[in-house]
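Counting starts at 1 for both ligands and their atoms, following the listed order.
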Amino acid sequence: MRKKIVAGNWKMNKNFEEAEDLLFDIADILKENRPEDVEILVCPPAIYLELAADIAHENGFDCGAQNMSEHESGAYTGEISAAMVASTGAKYVIIGHSERRTYFGEKDSLLALKVTQALKHNLTPIYCCGEVLAEREAEKHFEVVGEQVKNALFHLTAEEFEKVVVAYEPVWAIGTGRTASPAQAQEMHAFIRKVLSDKFGVAQADQTTILYGGSCNAANARELFANPDVDGGLIGGASLKAEDFVKIAGSF
Ligand code: PGA
C-alpha cells in the first residue's frame, strides 16, 4: 500500500549510548509534535535493533536493518539473517544500498535473493536503486535504474511485490550535499512507477511507495516531497540529528 515514509539510515554511526540517546531524542520530539500520516522509521546498525524496536514501538515509530543475508541460517560468519532481524521486532530492511553495491560488490542477482528472503520473513524490503554520476552524464540513468528495478524485483509475484518499498538514490547525491532537483527526482520516480506498471499493472504501481534519498535534509525535503511521485525519503546524514530527522518527517 502506498504510504508516506521517512526512514533514517544511520549507516555505521553511533556507539550504544549515543544510539540510545538519539532514539530517546526522536521519541521525545515525536511526543510533542507527531507529524500525521507518515510512517517514521530508523535503520540503526543491526547490533542496536532490539533496543531500537523497543523504544520505537513504544513511541509510535518503527525500525529496520540496513542489510541482511540472502541465506536462511548456517555457517556464514558475521552475517545476520532475515529471521534474526524479524525476531528483534524490526519491520523493515534496506536492500541494495549503493554503499553495499560499491564496497561489498552486491549485484542485482544477489539483491533479488535478499528481497525474496526478506519477504519470506515478513520484513518490508526498501530496495535501493540509483545511477552513478558518469551514468547520468552519459544520459544512461533511466536505463540503469530500470535494469536495477527489473533485475531485483521482477521475479516477484504481484502479491509478493505489494509489500516492497523502492528508494531512488542517485549515487552522486549520497553524502555529497548535492541533491537531485525536485524535477529530477520527480522525473525518475515517475519513470520507476512506469517500469513497475509494465510488469505489475498500473493500479499496483500506483500503490507503490517510492522514496527519494541523497542529501535530503530539513531545508530541501518539502520541495522534494511535494512531487506527486515522491512518497518520502531515505535519509542518511540528516537522520543522525533527532530534530532534523523529525522535521523532515513533517515536510509533506
Ligand atoms: P545522505 O544518505 O542523506 O547522507 O545523502 C542517504 C542514504 O545513503 O541513504
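Ion pairing between a basic and an acidic side chain is recognised when a charged N comes within 4.0 Å of a carboxylate O; K11 and E99 show such pairing. Taking the charged nitrogens against the carboxylate oxygens, K14 and D21 have no contact shorter than 4.0 Å, which rules out a salt bridge. A salt bridge links D231 with R193: the closest approach of a Lys/Arg side-chain nitrogen to an acidic carboxylate oxygen falls below 4.0 angstrom. Salt-bridge check for D28 with K31: passed, with a basic side-chain N closer than 4.0 Å to an acidic carboxylate O. Salt-bridge formation is not detected for the pair E135/K140: no Lys NZ or Arg NE/NH1/NH2 atom is positioned less than 4.0 Å from an Asp or Glu carboxylate oxygen.
For F161 and F154, the ring centers sit 6.0 Å or farther from each other.
By heavy-atom distance, the residue among G175, G8, G233 lying nearest atom 5 (O) of ligand 1 is G175. Looking at R178, E169, E99, it is E169 that brings a heavy atom closest to atom 7 (C) of ligand 1.
Remark: the N67 side chain and the K114 side chain contain an N/O donor-acceptor pair separated by less than 3.5 Å.
Within 6.0 Å of CD in E18 there are more than 12 heavy atoms belonging to other residues, nucleotides or ligands.
Listed by atom number, the atoms of ligand 1 under 4.0 Å from K11 heavy atoms are 2 (O), 7 (C), 8 (O). The ligand atoms of ligand 1 that sit less than 4.0 angstrom from a heavy atom of H97 are 7 (C), 8 (O), 9 (O). If you number the atoms of ligand 1 from 1 as listed, the ones under 4.0 Å from a heavy atom of A173 come out as 5 (O).
Contacts between N9 and ligand 1, counted as non-hydrogen atom pairs separated by less than 4.0 Å, involve the side chain only. Under 4.0 Å from ligand 1, not a single heavy atom of S98 appears.
Taking atom 4 (O) of ligand 1 as the reference point, the nearest protein heavy-atom neighbour is G237 N, 2.8 Å. Looking only at heavy atoms of the protein, atom 3 (O) of ligand 1 is closest to G236 N, 2.9 Å.
Between G213 and ligand 1, a contact under 3.5 Å exists for no N or O pair. Checking only distances, I235 never comes within under 3.5 Å of ligand 1, N or O to N or O. Ligand 1 has an N or O atom lying under 3.5 Å from an N or O atom of S215, backbone or side chain.
The aromatic rings of F225 and F252 lie parallel to each other, with less than 30° between the two planes, well short of the 60° mark.
Heavy atoms of A167 come nearer than 4.0 angstrom to ligand 1 in no pair at all.
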